[in-house]
Every structure is written in C-alpha cells, then in structure tokens.
Amino acid sequence: MPPRRRDMNPAVFVNAELLRLYVGKRVRALIQVVQIEGETIIGKSTDESQLVVKGIPTFRLTKFVEVIGIADSDTSIQADTWTNLGETTDTYTYNQLCQIVNGEYKVLFV
C-alpha cells in the first residue's frame, strides 16, 4: 500500500466539544482570535468554548481563522495550516456543519 499523502488524510471538522474525540488526529476548526501570546493563539470556537491553537502563522491573522492541524489535547490544536476568513463569518453554520459531519453522516466525512 503506498504511503498516504497529506491531502489523502482529511481533517475532520470540529468545534471545541468535538475536539476531545480526535486527540492525535488531523482536525480543522474555525476560531475567533481572542488573544495572541507568543506562539499560542487563544480563540473562541464556533460552540462558544475556548480553544488553544499552537503554531506560528506566516502572516497577520484576521478576526476569524480556520486552522488545520493535529489535536494534541482535548482543548488544543498544533496547527500547520492557517486560513484567514476575515472580520466576520457565519460561525453558526460552521458549527452546524461540525455537528452534521460528526453525527448521522459521519461515515461520509470521517
């Protein structure tokens, strides 16, 4: 079997509540940047809970950011990919997406 490429290892959509299910796995989350402390970003997840994102983006972050990386605990992600989403975004719909892809339709996404 050939080795898996990164793009063949999809990241599961998570919010803070769901992150605990994927410790050690590749995840993606939308956060509202609340505070930057060195190489750590404190953010608010789409379910209104706090998430910690570790890593250094190579550009200035906007208010809302999608991060992809490894869930290294039930409250933190070691990010390797950062995507600015601007100063406003629809967190409600993203949170609903997290619920759907981890619920009834999990087999299609995970």
Side-chain angles (χ1 to χ4, degrees):
M1 185 169 172
R4 293 179 64 103
R5 292 184 2 210
R6 178 188 280 186
D7 58 346
M8 293 175 65
N9 185 14
V12 180
F13 286 89
V14 297
N15 57 24
E17 177 188 7
L18 294 165
L19 186 63
R20 65 182 170 76
L21 302 174
Y22 298 102
V23 174
K25 305 276 195 230
R26 192 161 175 76
V27 296
R28 70 188 322 136
L30 170 64
I31 63 162
Q32 177 182 343
V33 176
V34 174
Q35 185 175 354
I36 300 173
E37 299 176 356
E39 297 181 12
T40 301
I41 285 70
I42 308 298
K44 185 166 68 169
S45 176
T46 56
D47 61 357
E48 302 294 318
S49 297
Q50 181 176 295
L51 275 179
V52 175
V53 182
K54 302 170 187 171
I56 305 171
T58 57
F59 47 84
R60 184 177 171 92
L61 298 177
T62 58
K63 184 175 182 179
F64 290 95
V65 178
E66 184 180 57
V67 296
I68 301 174
I70 303 298
D72 59 356
S73 79
D74 61 351
T75 60
S76 68
I77 299 169
Q78 180 66 52
D80 57 47
T81 304
W82 305 77
T83 304
N84 277 331
L85 297 178
E87 298 305 313
T88 61
T89 196
D90 185 354
T91 58
Y92 176 81
T93 301
Y94 194 100
N95 196 58
Q96 292 301 308
L97 175 65
C98 292
Q99 298 298 324
I100 290 168
V101 302
N102 284 283
E104 181 179 353
Y105 300 102
K106 186 175 183 174
V107 68
L108 298 173
F109 294 95
V110 178

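Every heavy atom of this structure was used, including side-chain atoms; hydrogens, water molecules and symmetry mates were not.
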Run the side-chain hydrogen bond (donor to acceptor under 3.5 Å, both in side chains) test against Asn95 and tell me which residues pass, sequence neighbours left out.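 Once residues adjacent in sequence are excluded, the partners of Asn95 under the side-chain hydrogen bond (donor to acceptor under 3.5 Å, both in side chains) criterion are Asn15, Thr46.
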
Using the test side-chain hydrogen bond (donor to acceptor under 3.5 Å, both in side chains), find all partners of Thr83 that sit at least two apart in sequence or belong to another chain.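 Listed in chain order: nothing, the list is empty.
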
Got a second to check how far [X]'s [atom1] is from [Y]'s [atom2], nearest 0.5 Å?
X     : Y     : atom1 : atom2 : result
Thr89 : Asn84 : OG1   : CG    : 11.5 Å
Asp47 : Leu19 : CG    : CG    : 10.0 Å
Leu18 : Asp74 : CG    : CG    : 12.0 Å
Glu66 : Ile31 : CD    : CD1   : 10.5 Å
Arg26 : Asp80 : CZ    : CG    : 4.5 Å

Can you list the residues that meet the ring pair (Phe, Tyr, Trp, His ring centres under 6.0 Å) rule with Phe13, with sequence neighbours excluded?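 So Phe13 forms a ring pair (Phe, Tyr, Trp, His ring centres under 6.0 Å) with Tyr94.
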
With sequence neighbours left out, what residues match Glu17 under salt bridge (Lys or Arg N to Asp or Glu O under 4.0 Å)?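 Glu17 satisfies salt bridge (Lys or Arg N to Asp or Glu O under 4.0 Å) with no other residue.
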
With sequence neighbours excluded, residues passing side-chain contact (heavy atoms from CB on, under 4.5 Å) with [X]:
X     : value
Gln35 : Glu37, Ile42
Glu87 : Thr62, Lys63
Gln96 : Tyr92
Ser73 : Thr75, Ser76

Verify same cluster id: Ile41, Val34 (apolar side-chain graph, 4.5 Å):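 Ile41 and Val34: separate clusters.
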
Report yes if the side chains of Ile70 and Lys25 come closer than 4.5 Å at any heavy-atom pair, otherwise no.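 Of all side-chain heavy-atom pairs linking Lys25 with Ile70, none is under 4.5 Å.
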
Let me have the donor-acceptor pairs involving side chains of residues 48-61, under 3.5 Å, with sequence neighbours excluded, atom names and distances please.
residue	atom	partner	partner atom	Å
Glu48	OE1	Lys44	NZ	3.3
Lys54	NZ	Asp72	OD2	3.2

Looking at every heavy atom in both Ile68 and Ala11, which two are closest together, and how far apart are they?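 Answer, listing the atom of Ile68 first, then Ala11: CG2-CB, 3.7 Å.
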
Smallest separation among heavy atoms of Val67 and Ala79, with atom names: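 Minimum heavy-atom separation between Val67 and Ala79: CB-CB, 4.1 Å.
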
